[in-house]
Structures are given as structure tokens and as C-alpha cells.
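Side chains are part of it too, since the values below use all heavy atoms of this structure and drop only hydrogens, waters and symmetry mates.
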Amino acid sequence: MKIVFTIAIVFNAVCLFAQNKAGQTLIRSMSHAQNKTGKDTVVQKDTSKENKEPRYFYMSGNTNVFVNTRGGAAKRFSPSVEFGRTYGIFDIGLSTGRVNSIGSGGDTTRFLEFRPTINIFSKGRFAEALCLGGGYVFKAKQGLMTEICNSINFNITEIWAVAVIQGYYYFDGTNNSRGTQYMGFNVTYNFLQKHSVNINRKKAAIVSDK
């Protein structure tokens, strides 16, 4: 009898709590949380709540060709790879590659460069960007390397983008220096997860100006 009496008291207390406003609020909150859990979304830390700009990592493959250099294709061709992170309209990247496809004497053509880039204009899927870079050509007589370039970018999707680049490299050494102009083409892959906050922000940035 004691067990039956205890169960009856507990049951009555639960019923009274469910009729109470606080109890109804708690039940609705629990039901809402269960419904949200069932959605197909990727939970991702929101690091840019104030400006609502996407933030993600990216990788680019660059193929540049010097346009005012004597020599054949091997001396003009400058391939590189860049890895970095996007903060809205601002990119911070680290690039490595070769200033040409052949070496000369005791010098090497491999370089490492820090490349900050900012988007100065955007319209739909198109954007124009400005880059100011600085780096070092390993074991070269003109080892200090600086770069200024601008590019026209096209976002194929939220994940893939292509760009046409025009810019200048300047190489400085102890006794001499030189500058050269190049034209280039690059392909960029953005590391964005499906259904994430940042891919939705990237999509909104692309279509907002249409």
C-alpha cells in the first residue's frame, strides 16, 4: 500500500507541474530542442557574429607568366601554391613556388612569400582584389622579393573560384635589383562544409549584389 500511495502522490505532482506555467514552458523548450536536433545541419563555431562575414581556409594554384623577360617558356613560367585563411573581404596567405622553371648558376628559384589580399570591389559573383606581398628567394643573389598585384575573380560556386591576375615582382640584392611584370591565372578551393554557417554567409555574399 505504501508503494501504491507513493506512486499516486508522484503522479499527481507531475500533473500539477504540467498545468503550471513553468512546467508548460519547460516542456515546450524540451520539444523545441528535440526538433532542432533532427535537422541536417553542421554545428560550427560562429566567430564573426558582428559583421556576418564568412571565415574559412582556402588553397590556390597559381600559374604566372613573365611578359617582359627574355628567354623561352621555362624562364618565363612561374608556378606557385598558396594556403591561407579568409576573413570576410581580407585574405592572409602563405605562398611557395618558383620564380621560373630553371635555375641559373648557383642560385635557386624557390621562394616563400607572405601574401595579404583585400577585396576592393565586388558585384555578384565577380570581385576585384589587391595584393601586397613580401618574401624571400632561397640562396638567390637578389633574395628579397616583393609583389604588388590586382586580380579579377569569379566565384563559380561557394567552393570554387578562378581569377586572372596582373602584377609586378621586385627582387633586391646587395649589389643590384630588378623588376618584372607578369600575367597569371589561378584556381582557388575554399574549405567550406555543407550546411555550415560560413558557406551560407559565402552564398549570401555572392548573391547580395545581384
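Using a 4.5 Å heavy-atom threshold, the side chains of V162 and I156 count as touching. Counting heavy atoms from C-beta on, the side chains of T63 and N186 never come closer than 4.5 Å. R55 places none of its side-chain heavy atoms less than 4.5 Å from the side chain of R201. A 4.5 Å side-chain heavy-atom check between I159 and Y189 finds at least one atom pair inside the cut-off.
Shown here is L132, whose CG atom has more than 12 heavy atoms of other residues, nucleotides or ligands within 6.0 Å.
Smallest separation of non-hydrogen atoms from C149 and L130: O-CD1, 3.4 Å. Looking at every heavy atom in both residues, K202 comes nearest to N155 through NZ-OD1, 3.3 Å. Closest approach of T96 and F111 over heavy atoms only: OG1-O, 3.1 Å. Smallest separation of non-hydrogen atoms from E53 and N198: O-OD1, 4.2 Å. The two atoms that bring R125 and I206 nearest to each other are CG-CG2, 3.3 Å, heavy atoms only. Across every non-hydrogen atom of G71 and R76, the tightest pair is O-NE, 3.1 Å.
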Would you sort out whether N190 and E158 count as a side chain to side chain contact (heavy atoms under 4.5 Å, CB included), showing the intermediate values?
CA-CA 7 Å; N190 300 318; E158 293 79 20; over 6 Å; no
Would you check, one step at a time, whether the test side-chain hydrogen bond (donor to acceptor under 3.5 Å, both in side chains) holds for N100 with S78?
CA-CA 5 Å; N100 59 57; S78 174; over 6 Å; no
Side chain to side chain contact (heavy atoms under 4.5 Å, CB included) between V99 and V137: does it pass, once the steps are laid out?
CA-CA 8 Å; V99 294; V137 184; 4.2 Å; yes
Side chain to side chain contact (heavy atoms under 4.5 Å, CB included) between N150 and E128, worked out:
CA-CA 7 Å; N150 65 301; E128 183 180 1; 4.0 Å; yes
For F57 and T86, run side chain to side chain contact (heavy atoms under 4.5 Å, CB included): C-alpha distance rounded to whole Å, both residues' side-chain angles, the deciding distance at 0.1 Å, then the answer.
CA-CA 6 Å; F57 291 99; T86 294; over 6 Å; no
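Two different hydrophobic clusters hold V65 and V164 under the rule that ILVMFWY side chains link at heavy-atom gaps under 4.5 Å. Under the 4.5 Å side-chain heavy-atom criterion for Ile, Leu, Val, Met, Phe, Trp and Tyr, Y169 and L112 are members of distinct hydrophobic clusters. Connection of I152 to I120 is not established within any shared hydrophobic cluster, with ILVMFWY side chains joined at heavy-atom distances below 4.5 Å, either directly or through further cluster members. Residues Y168 and I165 are members of separate hydrophobic clusters, defined by side-chain heavy-atom contacts under 4.5 angstrom among Ile, Leu, Val, Met, Phe, Trp and Tyr. When the side chains of ILVMFWY residues are joined at heavy-atom separations under 4.5 Å, either directly or via intervening members, V67 and M145 end up in two distinct hydrophobic clusters.
Between Y182 and F66, the ring planes lie perpendicular to each other; the angle is over 60°, past the 30° to 60° tilted range.
Y56 and Y58 have their aromatic ring centers separated by at least 6.0 angstrom.
One finds the CZ atom of F185 at 11.5 Å from the CG atom of N64 (value rounded to the nearest 0.5 Å). To the nearest 0.5 Å, the span separating OG1 on T157 from NZ on K203 amounts to 10.0 Å. To the nearest 0.5 Å, atoms CG (N62) and CD (E82) are separated by 6.0 Å.
At distances below 3.5 Å, not a single donor-acceptor pair connects side-chain atoms of T117 with backbone N or O atoms of D91. S151 contributes no side-chain N or O that, together with a main-chain N or O of N153, makes up a donor-acceptor pair within less than 3.5 Å.
Taking the ring axis of F138 as reference, the NZ or CZ atom of R110 does not stay both within 45° of it and closer than 6.0 Å to the ring centre.
Side chains of N176 and Q142: a donor-acceptor N/O pair is present below 3.5 angstrom, by distance only. A side-chain donor from one of T180 and N68 sits under 3.5 Å from a side-chain acceptor of the other.
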